[in-house]
Amino acid sequence: MTDGAPHAGYFDRGLATMDSAVAEAIDRELARQQDQIELIASENIVSRAVLEAQGSVLSNKTVEGYPGRRYHGGATNVDVIEDLAIERACQLFGCRHANVQPHSGSQANQVVFLSLLRPGDTVLSMALDAGGHLSHGAAPNMSGRWFDIVPYGVRQADGLIDMDAVADLARQHRPKLIIAGGSSYPRVIDFAAFRTIADEVGAHFLVDMAHFAGLVAGGVHPSPLPHAHLVTTTTYKSLRGARGGIVLCDDEALARKINSALFPGMQGSPMLHLMAGKAVCLGEALRPEFKDYAARVLANARALAAALMERQVDVVTGGTDTPLLLIDLRRQGLRGNAASDVLEAAGLTCNKNGVPGDPEPPTVTSGLRLGASAGTTRGLGTDEFREIGGMIAELLAAMATGTGVDEAQARSRRRVTEICAAYPIYSQYP
Ligand SMILES: *Cc1c(COP(=O)(O)O)cnc(C)c1O
């Protein structure tokens, strides 16, 4: 070894040799993903191609600015990648402008705030406990601390957004920005009605389609784009790609504001390995197979909801139009945190989630949120999702009566193992 050379193996020895502690944790995580049925609505299982793009030498590159107008040299190749991601996003969602640089969905929303608002401005958005998102104005979030948030909720009776109530709040508070879309709202949102209200009070209208973007891309959910001034999304939920966010719009002047709010306003260099992953997943979503995947996600989410309701499990709004659904556990007298632990031990991973009007704090909750995207990617169909609904109902019933939980968990664990073996993931990994 010569002086100044990197240590032996730096460029060619793999992780297992160089850092077994991290490598072993990754191996165990792979096994966990292979052996559990993933029902967390904000997760999916990316293609080998997306994984490869994300793990590429693009990790080394720093640039600032936009393609053709960079502050660093050596940008030719990453310009190609960013242009592809932009073109594909525009083609997929039928819009004229896309910013593909946000590191996450929250940052995509922050960019919108920064481009349109000043601290103290009024924002009308769905309350977190009604199914909104932290980054839409929740009290502890920057959005909630720096802006004057007027929250709207859902009707107790049916769990749906009450558009008359939204209109009343808008007239009363004259917000500069109105936001629709959330983290646990399972139904189609009336984008046109929101836009009418926004126009009446002179507000911009943002739709955050993080959860249902894949269904919009696949043509099985109405697109917010004809109605919203701006649309944000994550790329890793139903859209099934790299971790990160995107901002979409049709208006040239707004697009310019978004670009400068992102850089130099908020972020420095984009994560180019993730941007390549976004380009790849957007390319995948443009292929005909993706339409089939999106239709199956929706059919599977609905099959799961139906199976649960047939077994006296309450599903908020009585079903779903999206990849996610929300279970209300109050009928069983159960808490979301305990139920999610019992499901995980049975091989079904999901998350506790507040339900509308939830008396429990967010660390406990009275609900579970389930999603069909990852299981669908794996190949599961409506038969399997109905069966999963049966397993969940059985586990919840056992918890409610306090008898047979261990047996139900063991039965479910055995079936999950069989299903996972029948629908393997990453069998050639790494
Ligand atoms: C998941 C989600 C986000 C953002 O998530 P990040 O964790 O910041 O990537 C934003 N909005 C909604 C509605 C979401 O569901």
Side-chain angles (χ1 to χ4, degrees), residues 38-44 46 50 54 99-114 123-138 140-144 147 149 151-154 161 177-189 191 194 205-217 221 224 228 230-248 258 262 266-267 270-271 273-275 277-278 281 297 301 316 320-326 350-354 362 367-374:
E38 186 55 71
L39 297 171
I40 295 178
S42 42
E43 294 192 21
N44 211 324
V46 299
V50 168
Q54 290 193 180
N99 188 309
V100 296
Q101 295 197 1
H103 298 329
S104 73
S106 296
Q107 274 168 309
N109 289 331
Q110 285 165 18
V111 167
V112 172
F113 278 71
L114 185 63
V123 176
L124 179 61
S125 62
M126 185 182 251
L128 187 60
D129 61 11
H133 189 260
L134 265 177
S135 62
H136 296 184
N141 190 266
M142 194 178 77
S143 55
F147 300 92
I149 304 295
Y152 61 86
V154 292
I161 299 171
L177 177 67
I178 299 179
I179 310 178
S183 58
S184 59
Y185 189 72
R187 291 299 187 172
V188 165
I189 294 165
F191 305 126
F194 265 102
F205 175 39
L206 164 67
V207 174
D208 179 348
M209 62 172 180
H211 277 283
F212 56 89
L215 301 195
V216 173
H221 190 99
L230 290 156
V231 173
T232 52
T233 184
T234 55
T235 41
Y236 59 86
K237 295 175 184 169
S238 56
L239 199 49
R240 204 167 67 174
R243 305 204 68 80
I246 293 184
V247 184
L248 304 167
I258 290 291
L262 187 125
M266 221 186 72
Q267 284 184 186
M271 301 197 197
H273 55 316
L274 298 183
M275 188 184 286
K278 289 178 197 174
C281 80
V297 169
V316 177
T320 183
D321 304 318
T322 68
L324 69 84
L325 56 108
L326 190 58
C350 68
N351 63 277
K352 61 177 179 260
N353 205 104
L368 289 176
R369 188 184 64 165
L370 307 176
S373 297

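Side-chain atoms are counted along with the backbone in the values below, which use heavy atoms only and exclude waters and symmetry mates. Start at 1 and go down the list; that is how both ligands and their atoms are numbered.
Residues Leu230 and Ile258 are in side-chain contact: their nearest non-hydrogen atoms beyond the backbone lie under 4.5 Å apart. Using a 4.5 Å heavy-atom threshold, the side chains of Phe147 and Leu177 count as separate.
The backbone N or O of Tyr236 lies less than 3.5 Å from no partner atom in the side chain of Lys278, so there is not a single donor-acceptor pair. Between the side chain of Ser183 and the backbone N or O of Gly132, at least one donor-acceptor pair lies under 3.5 Å.
Atoms CG and CD1, from Leu128 and Ile149 in turn, are 11.5 Å apart once rounded to the nearest 0.5 Å.
Polar contact with ligand 1: present for Lys237 (N/O pair, distance under 3.5 Å). Between Ala210 and ligand 1, no pair of N/O atoms sits closer than 3.5 Å. Residue Tyr236 has at least one N or O atom closer than 3.5 Å to an N or O atom of ligand 1.
Residue contacts with ligand 1, taken as heavy atom pairs separated by less than 4.0 Å, involve His211 solely via side-chain atoms from C-beta onward. Heavy atoms of Arg243 found under 4.0 angstrom from ligand 1: none, in either backbone or side chain.
Under a 4.0 angstrom heavy-atom cut-off, Ser42 registers as lying outside contact with ligand 1.
Each of the following atoms of ligand 1 lies closer than 4.0 Å to a heavy atom of Thr234: 3 (C), 4 (C), 5 (O), 9 (O). Ligand 1 places these atoms under 4.0 Å from at least one heavy atom of Ser106: 4 (C), 5 (O), 6 (P), 8 (O). For ligand 1, the atoms sitting less than 4.0 Å from at least one non-hydrogen atom of Asp208 are 10 (C), 11 (N), 12 (C), 13 (C), numbered in the order shown with element in parentheses.
The side chain to side chain donor-acceptor pair (under 3.5 Å) with Ser135 is formed by just one residue from the set Thr232, Asp208, Asn109; it is Asn109.
The aromatic rings of Phe194 and Tyr152 are tilted relative to each other, their planes meeting at an angle between 30° and 60°.
Atom 3 (C) of ligand 1 has its closest protein heavy atom at His133 NE2, 3.2 Å.
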